[in-house]
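First the proteins, then the strands, lettered A, B, ... as listed; each starts at 1. Quick caveat, the model's predicted, so the values are computed rather than measured.
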Amino acid sequence: MKLIISEKEIAAKRIASILSGNGQKEEKVYGVSVYHIKLGKDECAVIGLKGHILKVDFPKEYSNWFKVDPVDLIDAEIEKTPIHKNIVQALKKVAGDASEVIIATDFDREGELIGYDAWQVAIGKNSLLNAKRAKFSAITNSDIGSAFAKLEKLDLNLAFAGRARQDIDLIWGAVLTRFISLASYQVKENFLSVGRVQSPTLTLIVDREMEIQAFVTTPYWVVNVKLKTDRGEEFEATHKKKRFLKKEEASKAFSKISGEGEVLDVNETIRSIAPPTPFNTTSLIVSANSIGFTAAKTINIAENLYMNGYISYPRTDNTVYTASIDLQEITKMLKVSGSFADACSDVLKQSKIIPSRGKKRTTDHPPIYPTFSVSRQSLSSDEWKLYELIVRRFLCTLLPPAQIKSITANINVSGEVFVANGSNIIKENWIKHYPYYKHEDVYIPNLVPGQKLKIIDREMLDKETKPPARYTQGKLVEKMEELGLGTKATRHTIIQTLISRGYIRGNPLVPSEKAIAVVKILKKHAEKISSPDMTSELEMDMDGIARGDETKDEVVEKSREMLKDVMVNLKNVKADISQEIKKAVKEDFIIGKCRQKDCDGNLIVRVSKKSKKRFIGCSAYPKCTSTFSLPQLGMILPTKDKCKRCDYPVIRIITKGRKPWDLCINGDCPGKDEKYKNYKSKKPGQKSSD
DNA sequence: GCAAGGTC
């Protein structure tokens, strides 16, 4: 018997079905589905994993944060232990009868490692078991057929490269997290995490906040004139200078406006606007963010749509359709349901469909596209919004570019040059079917040089330069991809991690004081982990391992030595670190201004000496004895928001496995009971969608 | 209880 191992249960089922022409027989082994099929003359069993089945960790004796010096973790042994016990059991049992293992996990580095781990588990009872590799980029008849027709060798070096990443991430993450947390007494639920991906990501947000804080606005002035042709057509033109930095100059230009205008010259250009490229995970998150979905919400809903068979696999880097996807067939299928019939017709009436393509071409999965035509009624409103976005995006990638005409006219008004810009779409093509693309036609009439224009109004506007914008979750995911931080499957969870650590909040994202302090310390004393360079260097090392130029042990050892140097520096400044973080944490704990008359204290979180319970008190105690009660569990974050009902400060309570709870501190707030009831009805462990 | 990477 041959044993085929795939990365997930749903893929196992589809592979079994394709290889057997839907002749698979399902058996449950320790609750795990195993599909029995016949492949040529061979009996085969197909089993699906749940991603990684083993995790890395330090031995138990290192688990107490207070008893182990973080530095001792650097050279500690690293163990691999099962994550999903039933799958490991089932795998071992089925492997007992196997003569060969075929690894059919995702065609990427982690897929190779997941497959290698599964093979090692399978070998346990069967020391002669060898492994082959099926490589495919889409679970379609043709791709699966050719992958199994020419099986390859499992790429051990590629798997070891993945293993190096696991070890290095664990060592650096655990050592620095424990050190920073212990140094500042931020322990238990308040611990301060540090990691190869999360820390550079946090640095992006903090750097942006610093830029905003340091930004000095400069005033400028804009001078406009409103004009009219003989035929009565009205339009606007702006002074050629656009921004006047001196008010006197703007006033001078403004006061000169009189008499009539004369067209100096007119320029027309026609621009093509290319259709959007096929969705991968990042571009889906970015687009969905602009219609109001957080990154986590997008991923949750997409996962749902995928599990129901409505869209293709949502975790992909690829932006180029693979040849085995029949774009025309999918369009025909979508046309039937009616909601997108117009767009489908436009696609199908082309003599040849030429799909757009993005810059990233990978082997992991196809781009995200609809796989089933589903009606609006059978989805929730959010599901439909996302599904519609994916369908429209898909259809637009199959349509020709739009064309936009731009007109620029220079107009002389009393010796000053004003510029009128107009633009209008002359060929809609894909834009017609993609309402998410915002384009507004700007009208200007047909003008000819020498034409005289009547002045009907003039204005001088006071403006000022604006600081750069904070990152939205979408923009952040995009930036992370650009810098190589995280993967398609983890970028949104990294953002969630930073939120649940109390480092950042909101969308756009604002860092807390402790986030600013941690980033400052890392930049100064552990620069390596605060920068995306650590990831790019790791990528190079992993490529080296995959090529066979270096070994996994050499790379991990080199990394350990580097961390030891970093720790020597950090230990020298432990007292400063402690001071700096404690100060920031204190500032984060200012809930708002005291509400008592004539008191200028701050409301802060305090702990009662008697009962050891926490509460909100005034910093002016004992002069002011104002207090508010607090929930005793969860992390407390000030939000700087005021309660809509009673205007008292609102705090956010974050408890692991629960949706964040926004709470007004006023015990007598009219909305309080209702909010608390809402919170209580959420079960622990329930997934938060924002 | 630490990370980041899979998947649910």
Side-chain angles (χ1 to χ4, degrees), chain A residues 6-12 32 48-58 60 62-68 70 72-74 76 78 80 83-84 86-87 105-106 108-118 159 161-182 186-202 281 296 299-304 306-308 313-316 364-365 480 484-498 500-501 529 534-535 538-539 542 559 563 635 656-657 685-687:
Chain A
S6 80
E7 191 156 326
K8 39 200 162 278
E9 136 75 17
I10 195 168
V32 179
L49 311 175
K50 283 186 178 168
H52 283 287
I53 55 169
L54 304 179
K55 64 169 193 283
V56 289
D57 209 347
F58 300 111
K60 233 198 232 120
Y62 290 93
S63 56
N64 189 315
W65 288 34
F66 300 104
K67 290 183 181 152
V68 176
D72 292 344
L73 293 173
I74 300 179
I78 293 177
K80 285 207 119 174
I83 305 170
H84 305 109
N86 57 334
I87 292 183
T105 49
D106 292 357
D108 56 20
R109 185 172 55 222
E110 290 296 323
E112 213 70 17
L113 175 55
I114 290 166
Y116 174 80
D117 281 347
R163 179 63 206 266
R165 179 202 59 70
Q166 286 186 316
D167 289 3
I168 290 170
D169 281 341
L170 173 66
I171 297 168
W172 281 75
V175 170
L176 290 172
T177 294
R178 287 194 194 182
F179 177 81
I180 297 270
S181 299
L182 289 166
Q186 294 298 302
V187 287
K188 299 282 163 73
E189 66 196 20
N190 292 319
F191 74 90
L192 301 169
S193 56
V194 177
R196 172 179 57 86
V197 177
Q198 61 168 276
S199 296
T201 304
L202 186 58
T281 309
I299 293 299
N300 283 343
I301 296 175
E303 179 73 31
N304 239 324
Y306 163 67
M307 284 314 223
N308 283 303
Y313 190 63
R315 286 185 279 273
T316 175
D364 55 349
H365 301 280
M480 288 170 79
L485 292 171
T487 71
K488 61 216 171 190
T490 60
R491 287 185 195 113
H492 73 280
T493 51
I494 296 284
I495 297 177
Q496 286 307 108
T497 300
L498 293 173
S500 62
R501 297 282 187 269
I529 206 158
M534 179 165 175
T535 295
L538 178 61
E539 289 287 345
M542 283 196 287
S559 189
L563 179 57
M635 187 171 58
K656 204 176 174 183
Q686 185 167 332
K687 257 201 187 156

**Asked** Does OP1 or OP2 of B:dT7 have a side-chain N or O of A:Y313 closer than 4.0 Å?
**Response** yes
**Prompt:** Does the side chain of A:T490 come under 3.5 Å of the side chain of A:T493 through a donor N or O and an acceptor N or O?
**Reply:** no
**Asked** So which nucleotide from B:dA3, B:dG5, B:dT7 ends up closest to the side chain of A:A489?
**Response** B:dT7
**Separation of atom CD1 in A:I494 from atom P in B:dC2, rounded to whole Å** = 13 Å
**Message:** Just the rounded figure in Å: distance from P of B:dT7 to NZ of A:K55.
**Reply:** 18 Å
**Nucleotide of B:dG1, B:dG6, B:dA3 approaching A:V187 most closely (side-chain heavy atoms)** = B:dG1
**Item:** Rounded distance in Å - CG (A:D106) to P (B:dG6)
**Value:** 9 Å
**Item:** Between B:dA3 (C1') and A:L563 (CG): distance, integer Å
**Value:** 12 Å
**Fill in**
Whole-Å distance, A:Y62 OH to B:dG1 P, equals 18 Å
**Request:** Check salt bridge (Lys or Arg N to Asp or Glu O under 4.0 Å) between A:K55 and all other residues, then give those that pass, not counting sequence neighbours.
**Result:** none
**Message:** Over all strands shown, is A:V56 touching base, sugar-phosphate only, or nothing at heavy-atom distances under 4.0 angstrom?
**Reply:** base
**Request:** Could you tell me whether the phosphate oxygens of B:dG6, OP1 or OP2, come under 4.0 Å of any side-chain nitrogen or oxygen in A:R315?
**Result:** no
**side-chain N/O A:R163 vs B:dA4 OP1/OP2, d < 4.0 Å** = no
**Request:** Evaluate the ring planes of A:H365 and A:Y313, with Trp represented by its six-membered ring, and classify them as parallel (under 30°), tilted (30 to 60°) or perpendicular (over 60°).
**Result:** tilted
**Asked** Looking only at side chains, do A:E112 and A:T105 share a donor and an acceptor under 3.5 Å apart?
**Response** no
**Among B:dC2, B:dA4, B:dC8, the nucleotide that comes nearest once only the side chain of A:R501 is considered** = B:dC2
**Request:** Could you tell me whether A:S63 contacts a base, only the sugar-phosphate backbone, or nothing, with contacts defined as non-hydrogen atoms closer than 4.0 Å?
**Result:** base
**Prompt:** Base, sugar-phosphate, or nothing: which does A:G486 touch, judged by heavy atoms less than 4.0 Å apart?
**Reply:** sugar-phosphate
**Asked** Which one, B:dA3, B:dC2, B:dC8, comes nearest to the side chain of A:Q198?
**Response** B:dA3
**Nucleotide B:dG1, atom P - distance to CG of A:L182 in whole Å** = 15 Å
**Message:** Applying a 4.0 Å non-hydrogen cut-off, can you work out what A:S193 is touching in the nucleic acid: base, sugar-phosphate, or nothing?
**Reply:** sugar-phosphate
**Request:** Between A:Q186 and A:E7, name the one whose nearest nucleotide on DNA chain B is closer to the 5' end.
**Result:** A:Q186
**Request:** Could you list the residues that satisfy salt bridge (Lys or Arg N to Asp or Glu O under 4.0 Å) with A:E110, not counting sequence neighbours?
**Result:** A:R165
**Phosphate contact (B:dG5 OP1 or OP2) by A:R196 side-chain N/O below 4.0 Å** = yes
**Request:** Side-chain contact test, heavy atoms from C-beta onward, threshold under 4.5 Å: evaluate it for A:K8 versus A:D106 and give yes or no.
**Result:** yes
**Request:** Mind checking A:K8 for me? I need base, sugar-phosphate or nothing, with any heavy atom below 4.0 Å counting as a touch.
**Result:** sugar-phosphate
**Prompt:** A:R178 near the nucleic acid: base, sugar-phosphate alone, or nothing, with a heavy-atom cut-off under 4.0 Å?
**Reply:** base
**Complete:** Assign each of A:W172 and A:L49 the nucleotide of DNA chain B bearing its closest heavy atom; nearer the 5' end lies the nucleotide of A:W172
**Request:** Report yes or no: is the ring centroid of A:F191 under 5.5 Å from the six-membered base ring centroid of B:dG1, with the two planes under 30 degrees?
**Result:** no
**Fill in**
A:H84 atom NE2 is separated from B:dC8 atom P, nearest whole Å, by 9 Å
**Request:** Can you measure from CZ (A:R163) to CG (A:L113) and round to the nearest 0.5 angstrom?
**Result:** 8.0 Å
**Prompt:** Can a side chain N or O of A:T487 be found less than 4.0 Å away from OP1 or OP2 on B:dA4?
**Reply:** no
**Message:** Of the listed nucleotides (B:dG5, B:dG1, B:dC8), which one gets closest to any side-chain atom of A:H52?
**Reply:** B:dG5
**Value in whole Å for how far the C1' atom of B:dT7 lies from CG of A:D364** = 15 Å
**Request:** May I ask you to verify if any side-chain N or O of A:Q166 is less than 4.0 angstrom from the OP1 or OP2 atom of B:dA3?
**Result:** no
